[in-house]
There are 2 protein chains.
Amino acid sequence: MARRRVDVRREEILDAAVGEVTRRGFARTRVADVAETLGVSTALVFYHFDSKQRLLAAALDHAVGRDLDRLAAAISRPGTDLARLRRILSLYAPQGSAPGWTLWVDAWAEALRNPELRTHCRTLDRQWTDAIAATINSGVEAGMFVCPDPESTARRITSLMDGLSVQATVHRRLSRTQLRTWTREYAAAQLAVHPDALA
Amino acid sequence: MARRRVDVRREEILDAAVGEVTRRGFARTRVADVAETLGVSTALVFYHFDSKQRLLAAALDHAVGRDLDRLAAAISRPGTDLARLRRILSLYAPQGSAPGWTLWVDAWAEALRNPELRTHCRTLDRQWTDAIAATINSGVEAGMFVCPDPESTARRITSLMDGLSVQATVHRRLSRTQLRTWTREYAAAQLAVHPDALA
DNA sequence: GCGCCTACTGACTCGCGAGTCAGTATGCCG
DNA sequence: CGGCATACTGACTCGCGAGTCAGTAGGCGC
């Protein structure tokens with residue numbers, strides 16, 4: 001087996017772990033699964049991560065990091081606050097791509113009993129709501145939005161999206177298009193802009 | 001150990017199973033835990049339920065049934081549709097009591113990979129939204145609410161509550177009072193009534 | 001080429017938890 | 001009372017998956 005530098009291999013393992021956890025869920029992922037997808041021995045995984053616990057925690061951290069990187073990119077791009085908000089909402093909604101909402105739903109359940117994972121989930125949630133709140137705030141100052149309490153509004157918007165995402169991914173009762181439409185409408189109403197402005 | 005009739009013992013086991021799953025989560029609940037809380041042998045549990053799979057599925061079904069019974073009671077009580085809606089919303093919001101939202105969050109995660117559990121979760125979701133939709137419909141006919149699409153509105157209301165409940169139970173970032181207030185405000189806005197009417 | 005650090009493996013151990021089964025005991029019916 | 005159906009148990013088996021360890025080999029500095 002081709003030898004790698006430690007940091008490279010760690011990254012590889014984390015990518016694989018995120019994939020397996022997304023596929024199988026936290027509870028059903030065995031470290032052997034992760035090793036197998038990489039074509040390495042399970043012992044190697046334990047060489048890089050002391051225990052399964054730590055591996056999965058690191059994997060979630062990794063996934064969270066990726067997600068937040070994409071968020072940061074969406075924020076930093078130039079444009080009006082309206083355009084920025086549009087980008088953020090569109091990023092948050094369930095997409096065809098990785099890591100996917102199944103991972104977050106699974107992470108919530110795990111976080112109920114695992115304080116370390118809870119921290120990661122909370123960080124993720126905080127950063128998204130903070131990003132939305134900041135954008136709303138800035139938009140209000142620019143006279144673009146009307147919103148008495150941006151912080152609370154941001155939390156309600158993310159909550160609605162979380163709930164709609166459960167409908168879409170768990171119950172399979174909601175199309176992504178519908179989800180996006182409803183989110184847009186709600187956000188628009190809360191900010192006193194026309195829904196089409198967020199399309 | 002005191003002998004019971006089959007149906008009595010089954011019920012007892014299901015109650016205990018719901019308790020253990022709520023406490024430990026689906027993945028970490030062992031049949032030995034359930035047996036232990038009842039002070040019986042694990043073999044007895046397997047005498048009544050063929051496998052752990054079936055036990056947990058039956059337990060979820062049991063919990064869902066209980067929840068829907070409480071819903072039915074709230075619906076059938078006399079009063080205006082406004083009062084009925086108020087009761088339904090208040091029942092849906094996280095309460096101090098059993099079975100509790102942790103169970104549902106856990107069930108969602110489990111449902112992602114287990115079609116049988118998914119059916120139960122979906123049923124629960126359907127019944128709640130249907131109950132809300134029916135109440136809205138009836139209220140619209142009575143000229144009490146204004147709502148162009150009661151079915152969709154009901155689904156948005158439950159979604160918001162689901163999302164807020166995640167905030168409250170997983171991230172622990174939201175008080176129940178706040179959750180109730182925001183839900184009430186949203187429902188009121190969607191139905192063109194004053195928020196205090198739902199308090 | 002010669003070490004030598006370090007990434008990596010095969011082949012284990014070990015405990016845990018699902019599920020089984022040959023029996024035991026309890027209460028009901030005659 | 002005796003007999004019988006059935007609720008129930010103790011003491012197993014068995015497989016699986018986490019974690020270990022004594023080694024092996026790849027690549028880099030010299």
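Note that the structure is a prediction, hence the values are computed from the model and not measured. Letters A, B, ... are given to chains in the order of the sequence lines, protein chains preceding strands, and every chain is numbered from 1.
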I need the [atom1]-[atom2] distance between [X] and [N], as an integer number of Å.
X: A:Asp33; N: D:dG19; atom1: CG; atom2: C1'; answer: 16 Å
X: A:Glu36; N: C:dT9; atom1: CD; atom2: C1'; answer: 16 Å
X: A:Lys52; N: D:dT20; atom1: NZ; atom2: C1'; answer: 17 Å
X: A:Phe49; N: D:dT20; atom1: CZ; atom2: P; answer: 16 Å
X: B:His48; N: C:dG19; atom1: NE2; atom2: P; answer: 16 Å
X: A:Arg5; N: C:dC8; atom1: CZ; atom2: C1'; answer: 17 Å
X: A:Arg28; N: C:dG17; atom1: CZ; atom2: P; answer: 17 Å
X: A:Arg10; N: C:dC8; atom1: CZ; atom2: C1'; answer: 16 Å

Report, as yes or no, whether the 6.0 Å neighbourhood of atom CZ on B:Arg28 holds more than 12 heavy atoms from other residues, nucleotides or ligands. yes
Which one, D:dT9, D:dG19, C:dT20, comes nearest to the side chain of B:Phe46? C:dT20
Measure from the side chain of A:Leu44, starting at C-beta and using heavy atoms only, and say which of D:dC8, C:dG19, C:dC8 lies closest.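 So the nucleotide nearest the side chain must be C:dC8.
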Return no unless some side-chain N or O of B:Tyr47 is found under 4.0 Å from OP1 or OP2 of D:dA7. yes
Using a cut-off of less than 4.0 Å, is there contact between a side-chain N or O of A:Arg3 and OP1 or OP2 of C:dC8? no
Would the distance check show the side chain of A:Arg122 and the main-chain N or O of B:His171 forming a donor-acceptor pair, the cut-off being under 3.5 Å?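 Checked: pair present.
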For A:Val6 and for B:Arg30, find the nucleotide of DNA chain C with the closest heavy atom, then tell me which residue's nucleotide is more 5'.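 It is A:Val6 whose nearest nucleotide is closer to the 5' end.
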Would you say B:Val64 and B:Trp104 make side-chain contact, with heavy atoms under 4.5 Å? yes
Do the two ring centres, one from B:Tyr92 and one from B:Trp101, sit under 6.0 Å apart?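 That pair passes the under 6.0 Å test.
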Would you say the side chains of A:Asp67 and A:Trp128 form a donor-acceptor pair under 3.5 Å?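 A:Asp67 vs A:Trp128: donor-acceptor pair found between side chains.
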For B:Thr42, which contact category applies under a 4.0 Å heavy-atom criterion: base, sugar-phosphate, or nothing? nothing
For B:Ala43 and for A:Ala32, locate the closest nucleotide of DNA chain D by heavy-atom distance; then report the residue assigned to the nucleotide nearer the 5' terminus. B:Ala43
